[in-house]
Amino acid sequence: MLLQNAIGDTLNNTEWAFALAECVHIGGFAVGVGSIALVDFRMLNLGLRHETAGRILRYTELWTVIALLFVVFSGVALFLSQADIYRVNLVFPIKMYVLAAALIYNFTVHRKVATMENPPPLLSKLVATVSLLLWVSVVFGGIFTGFLV
Amino acid sequence: MAIAHSIQSIGFLTAFSESVLVYPIVLSIHLACIALFGGMILATDLRLLGLTFKSLTITEMVTSLRPWKRAGGTIMIAMGLLLAASEAEKYAPNPFFWAKMIILGLIGVHAVIFRPIVYSKTEELDRSPVIPTKAKVAAILSLSLWTAMFVMGRLIAYWD
């Protein structure tokens with residue numbers, strides 16, 4: 001509670017703190033989801049065909065994890081600054097469920113299929129499409145949280 | 001101001017900004033494009049700097065992602081202009097909006113300067129034993145411009 005108030009107060013009372021937290025949140029999202037999307041595009045055979053999806057995943061996964069950590073921490077800070085509003089928001093809990101699904105999916109099914117030696121092409125494409133849909137849904141959830149109160 | 005008012009009074013733009021659903025949908029598409037295609041720009045720039053994706057040639061990195069970056073960039077800019085035009089009176093006096101537009105122009109200048117010497121000469125870059133300075137300069141400028149563009153976009157909401 002004390003920490004919640006401390007973080008919330010800082011973001012509410014410092015002019016630039018909220019803007020900074022939002023920049024980190026969205027910037028981190030762009031890097032995190034963008035790096036996952038590169039793997040998805042490869043799995044969909046839409047680019048970077050001279051390298052395997054598994055190798056692209058190896059190149060990008062550290063970026064993905066670090067960026068998503070920034071997103072989560074800045075997101076928690078943003079939540080705490082207006083916790084009362086988020087608690088009654090209709091869209092916010094949906095966003096959290098989709099986010100949880102996207103995160104679990106990314107580090108289980110998506111990772112598994114991306115690193116398979118010879119995955120059935122249809123499976124790869126299906127897994128990549130679901131991944132893109134989940135992450136785009138999280139973006140929509142974030143924006144709609146702010147618009148439909 | 002009169003111009004701004006006339007722009008946002010155009011029938012479909014008024015309907016657009018007053019719609020409960022359409023405005024946030026367009027904003028979401030704008031942001032989703034930033035994530036999907038911003039990641040490609042970042043990956044290309046990091047490859048030009050020689051920091052990652054080393055098993056892929058610069059040519060592969062630049063050319064295979066090019067059509068997607070073009071399509072994504074077009075959607076992103078179209079959605080952005082739609083958002084700005086629908087609230088033209090609010091955007092017209094906003095210095096961050098104009099800063100963002102100037103940066104957008106500079107990104108165009110970057111393309112004009114570096115396309116003929118870097119992005120269209122990727123095979124030459126791949127043959128070179130070390131990545132030439134001009135490619136690294138192009139990458140660093142690209143990263144700086146896109147980051148500035150992104151920050152200005154966010155700051156638009158904070159000016160009153």
Side-chain angles (χ1 to χ4, degrees), chain A residues 15-42 44-52 54-56 58-64 67-68 71 91 95 131-133 135-149, chain B residues 19-47 51-69 71-72 76 79 83 96 143 146-160:
Chain A
E15 225 173 293
W16 48 266
F18 195 86
L20 181 69
E22 273 199 322
C23 277
V24 171
H25 193 62
I26 302 172
F29 194 88
V31 175
V33 174
S35 59
I36 295 168
L38 280 174
V39 181
D40 292 336
F41 268 73
R42 174 63 189 88
L44 287 163
N45 235 342
L46 296 176
L48 310 179
R49 291 192 190 107
H50 293 260
E51 194 46 276
T52 61
R55 196 75 183 268
I56 310 269
R58 295 250 149 65
Y59 280 130
T60 53
E61 69 185 342
L62 185 64
W63 290 87
T64 308
L68 290 181
V71 181
V91 184
K95 179 192 172 184
S131 165
L132 288 172
L133 284 175
W135 288 112
V136 170
S137 304
V138 178
V139 178
F140 273 74
I143 297 295
F144 274 84
T145 297
F147 278 84
L148 302 180
V149 185
Chain B
S19 158
V20 185
L21 284 176
V22 180
Y23 191 90
I25 288 174
V26 172
L27 183 58
S28 299
I29 297 173
H30 187 64
L31 280 168
C33 285
I34 294 173
L36 300 185
F37 308 104
M40 293 184 182
I41 295 170
L42 180 64
T44 309
D45 288 336
L46 292 177
R47 178 64 189 88
L51 293 176
T52 183
F53 299 105
K54 284 182 192 161
S55 65
L56 282 156
T57 59
I58 293 174
T59 304
E60 165 84 351
M61 205 73 198
V62 170
T63 53
S64 84
L65 296 178
R66 182 177 283 149
W68 302 111
K69 283 196 286 193
M76 177 159 63
M79 296 298 131
L83 292 166
F96 293 117
L143 285 174
W146 283 106
T147 307
M149 175 101 155
F150 164 78
V151 173
M152 288 308 140
R154 199 74 292 278
L155 290 180
I156 286 174
Y158 288 90
W159 187 81
D160 49 7

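A, B, ... follow the sequence lines: proteins, then strands. Residue 1 opens every chain.
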For B:F150, is it the side chain, the backbone, both or neither that has a heavy atom under 4.5 Å from a heavy atom of chain A? side chain

Indicate yes or no: at least one non-hydrogen side-chain atom of A:F41 is less than 4.5 angstrom from one of B:S64. no

Side chain, backbone, both or neither of B:I41 within contact of chain A (heavy atoms, under 4.5 Å): neither

Do you know which of A:L46, A:T60, A:L132 has the most heavy-atom pairs under 4.5 Å to chain B? A:L46

Taking the side chain as every heavy atom from C-beta outward, state whether B:L21 and A:F144 have any pair of such atoms under 4.5 Å apart. yes

Check the surroundings of atom CH2 in A:W16: do more than 12 heavy atoms from other residues, nucleotides or ligands lie under 6.0 Å from it? no

Taking side chain as C-beta onward, heavy atoms only, is A:D40 less than 4.5 Å from B:L36? no

Please look at A:L38 and chain B and tell me whether the side chain, the backbone, both or neither of the residue comes under 4.5 angstrom of a heavy atom of that chain. side chain

Options B:T57, B:L155, B:L27, ranked by heavy-atom pairs under 4.5 Å with chain A, top entry: B:L27

A:I36 versus chain B, heavy atoms under 4.5 Å apart: side chain, backbone, both or neither? neither

Return yes if some donor-acceptor pair links the side-chain N/O of A:E22 with the main-chain N/O of B:R154 below 3.5 Å, else return no. no

Any side-chain to backbone donor/acceptor pair from A:Y59 onto B:S55? Under 3.5 Å, distance only. yes

Contact origin within A:R55 toward chain B - heavy atom pairs under 4.5 Å: side chain

Please rank A:V138, A:V139, A:I143 by heavy-atom pairs under 4.5 Å with chain B and give me the top one. A:I143

Under 3.5 Å, is there a donor-acceptor pair between the side chain of B:W68 and the main chain of A:G47? no

Sub-4.5 Å side-chain heavy-atom contact between A:F29 and B:L31: no

Closest approach of A:H50 to B:E60 (non-hydrogen atoms, all atoms of both residues): CD2-OE1, 2.5 Å

Can you tell me which portion of B:L65 sits under 4.5 Å from chain A's heavy atoms? Options are side chain, backbone, both or neither. side chain

How long is the gap from CD1 on A:I56 to CG on B:L56, to the nearest 0.5 Å? 5.0 Å

Is it the backbone or the side chain of A:W135 that comes under 4.5 Å from a heavy atom of chain B, or both, or neither? neither

Pick one of side chain, backbone, both or neither for B:I34, based on which atoms fall under 4.5 Å of a heavy atom in chain A. both

Atom pair CG (A:L48) and CZ (B:R47), whose distance is rounded to the nearest 0.5 Å: 11.5 Å

